[in-house]
There are 2 protein chains.
Amino acid sequence: MPRQKLAAEPDRPARDPKRTRAAILDAATTEFARYGLGGARVDRISRASGANKRMLYYYFGDKEGLFLAVLEAAYAGIRSAEQKLSLLDVAPIESVRRLIRFTWDYFLAHPEFISLLNSENLHRASHLRKSRRARSLNSPLIATLGAILERGRREDIFRKGVDPLQLYISIAGLCYFYLSNIHTLSSIFGRDLAAQPARGARLRHVTDVVLGYLRREP
Amino acid sequence: MPRQKLAAEPDRPARDPKRTRAAILDAATTEFARYGLGGARVDRISRASGANKRMLYYYFGDKEGLFLAVLEAAYAGIRSAEQKLSLLDVAPIESVRRLIRFTWDYFLAHPEFISLLNSENLHRASHLRKSRRARSLNSPLIATLGAILERGRREDIFRKGVDPLQLYISIAGLCYFYLSNIHTLSSIFGRDLAAQPARGARLRHVTDVVLGYLRREP
DNA sequence: CGGTAAACTAACTAGATAGTTAATTATTTC
DNA sequence: GAAATAATTAACTATCTAGTTAGTTTACCG
């Protein structure tokens, strides 16, 4: 099948480095998410992006460099989405509900992020370690969550002594694991856990677990 | 480097199909866990097992058949360990504590199981779907957990209406995610989350989350 | 407008890869 | 004990793979 050329429109320059680079990143995200780093193929990325294979090496160095760029872009995506959350202008319980809802919806809408994280952990975060932006990928939500928990404690709604980092990890874990392992869980338990009623039940359950935990102790 | 022969001991038969097959499975488990299905190499498995590469195809058909055999063995392992748990001869709260502890300790001791599950989900459980034993890999703990929750409810300790499958998935998720994503989490948050104090804190936190959720509502 | 550099193309390469072939050897069975 | 079978070995194969080479073409700048 003849290769799709990018600059097919008459009024577009034949060379557009930003567009070429973005197209490669996009195709690479899909390929790495679908096959993992080890199973992804450079030639398939090249074909899907419409860019010559040489260009992958021209812009990203090598396959692993491309993978790191994909990962950084993925992190930038979730951080950007997190910034749009408004959590501090509502009551603490509602803040936590929103955070849970955001986390669940984000993972649901971005299964490629889950897959990329799994790949990166298989490789022991060796790519992130090379990244100059790793620490900047940290989530400012931890501090925000700390403020929410402190406010909830002062209002006598939440229990004392909750570690915001642990809670953040737990909220992520409760959502992530279900979606990341959706295939084996569905297979083992003989149910389609990806279907709507099951997903809705899962979100409600996660919310109950977290809010139940946060409830002030007698 | 000269290839290690299996039957080096004088009183061992030169041919031992069971031992050869077990050695291949063992080497394959390590290889698939370390590199994922796509990154694993058949020649490395052959070398590590000490068996001729032809034997991998003789016993398992192909690389994917070998992967399925590894996965089934891994599931058999956790089911066997679950059977040794005794949960019904103690009070409900202690039962739940034991289940959490078991889950955490098992994933900690078997990082290869986590990695294999991640690989299988990347491949959409396509191997498990071919397995004739998938449903038998189901956990009988779900029913046990149901009994525990019902007993706790009757004793007015636990809240009403807890879905044992959801709770089982949540306990697994709270433990699994932390360990599965240990590398990216440590990298992003600039802490060694695999070190002892952090692990202990994590287990305590998970226990508090689950028991906090289960606590009877006022 | 010409020179230069950047962006791009097509073909190539050296090594890797899963799987196969053609045996040989050890064990089992009658 | 000989024949048959199963388990094993060494070498091979066809294809795949990431990355490279050697250009060409387009855009930019003075």
Side-chain angles (χ1 to χ4, degrees), chain A residues 1-25 27-28 31-32 34-70 119 123 126-127, chain B residues 1-25 27-28 31-32 34-70 119 123 126-127:
Chain A
M1 162 190 192
R3 184 173 54 80
Q4 176 194 16
K5 278 180 163 51
L6 278 172
E9 291 88 346
D11 60 345
R12 177 183 297 162
R15 299 173 179 205
D16 188 336
K18 280 191 171 194
R19 189 181 153 82
T20 300
R21 194 175 188 283
I24 292 170
L25 262 187
E31 176 77 9
F32 286 130
R34 174 71 184 86
Y35 296 103
L37 173 53
R41 297 288 171 257
V42 181
D43 279 54
R44 284 201 300 253
I45 295 172
S46 166
R47 276 200 296 279
S49 71
N52 190 272
K53 185 165 65 165
R54 182 66 189 85
M55 298 320 299
L56 276 59
Y57 299 91
Y58 180 76
Y59 285 117
F60 301 100
D62 56 15
K63 188 181 179 187
E64 313 241 352
L66 178 54
F67 181 74
L68 175 55
V70 161
S119 270
H123 295 86
S126 57
H127 306 92
Chain B
M1 163 192 193
R3 182 172 56 81
Q4 177 195 15
K5 278 179 161 55
L6 278 173
E9 291 88 346
D11 60 347
R12 177 183 299 163
R15 300 176 176 202
D16 189 336
K18 280 191 171 195
R19 190 180 154 81
T20 300
R21 195 176 187 285
I24 292 171
L25 263 187
E31 177 78 9
F32 285 130
R34 174 72 184 86
Y35 297 103
L37 173 54
R41 296 290 171 257
V42 180
D43 279 53
R44 283 201 300 253
I45 295 173
S46 165
R47 276 200 297 279
S49 71
N52 190 273
K53 186 164 68 165
R54 183 66 190 85
M55 298 319 300
L56 276 60
Y57 298 91
Y58 181 77
Y59 287 120
F60 300 100
D62 56 14
K63 187 182 180 186
E64 312 241 353
L66 178 54
F67 182 75
L68 174 56
V70 162
S119 270
H123 295 87
S126 57
H127 306 92

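The basis for the numbers below is simple: all heavy atoms, side chains too, and nothing from hydrogens, waters or symmetry mates. Chain identifiers are assigned alphabetically (A, B, ...) following the order of the sequence lines, protein sequences preceding nucleic acid strands; residue numbering begins at 1 within each chain.
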Grab the CZ-P distance between A:R19 and D:dA27 for me, whole Å please. 15 Å

ring-ring contact (aromatic ring centres under 6.0 Å, His included) against B:F67, all qualifying residues, sequence neighbours excluded: B:F32, B:H127

Mind calculating the distance between CG (A:D43) and P (D:dC16) to the nearest angstrom? 10 Å

Helical bend (five base pairs per end, nearest 10°) for the helix from C:dC1-D:dG30 to C:dC30-D:dG1: 10°

Check: A:L25 and A:F60 side chains under 4.5 Å, non-hydrogen atoms: yes

In whole angstroms, the gap separating P of D:dC12 from CG of B:N52 amounts to 14 Å

Between NZ of B:K18 and P of D:dT8 the distance, given in whole Å, is 14 Å

Taking only residues at least two apart or on different chains, which pairs with a member in residues 51-66 of chain A satisfy salt bridge (Lys or Arg N to Asp or Glu O under 4.0 Å)? A:D43-A:K53

Could you state the atom-to-atom distance from CZ of A:R47 to P of C:dT9 in whole Å? 15 Å

Provide the closest heavy-atom pair for A:S46 versus A:A51 in the form atom of the first, atom of the second, distance. OG-O, 2.7 Å

Grab the two heavy atoms, one from B:A27 and one from B:I45, that are nearest each other, plus how far apart they are. CB-O, 3.7 Å

Working to the nearest 0.5 angstrom, can you tell me the gap between B:S49 OG and B:I24 CD1? 5.0 Å

Does any residue of residues 56-65 of chain A have a heavy atom under 4.0 Å from DNA chain C, and if so, which ones, in number order? A:Y58, A:Y59

From CG of A:D16 over to P of D:dC28, roughly how many Å is that when rounded to an integer? 11 Å

Under 4.5 Å between any side-chain heavy atoms of A:Y57 and A:V42, yes or no? yes

Under 4.0 Å between a side-chain N or O of B:T20 and OP1 or OP2 of D:dA7? no

Check for a donor-acceptor pair, side chain of B:T20 on one end and backbone N or O of B:D16 on the other, with a separation under 3.5 Å. yes

Just how far, in rounded Å, is P of C:dT13 from CZ of A:R54? 17 Å

Base-contact (B) and sugar-phosphate-only (S) positions in nucleotides 24-30 of chain C, heavy-atom cut-off under 4.0 Å, - elsewhere: -BBS---

Could you pull out all residues at least two apart from A:R44 that satisfy salt bridge (charged side-chain N to carboxylate O under 4.0 Å, His left out)? A:E31

Take atom CZ of B:R41 and atom C1' of D:dA18, then tell me their distance rounded to the nearest Å. 12 Å

Quick one: does A:K53 reach the base of C:dA10 with a side-chain donor-acceptor pair under 3.5 Å? no

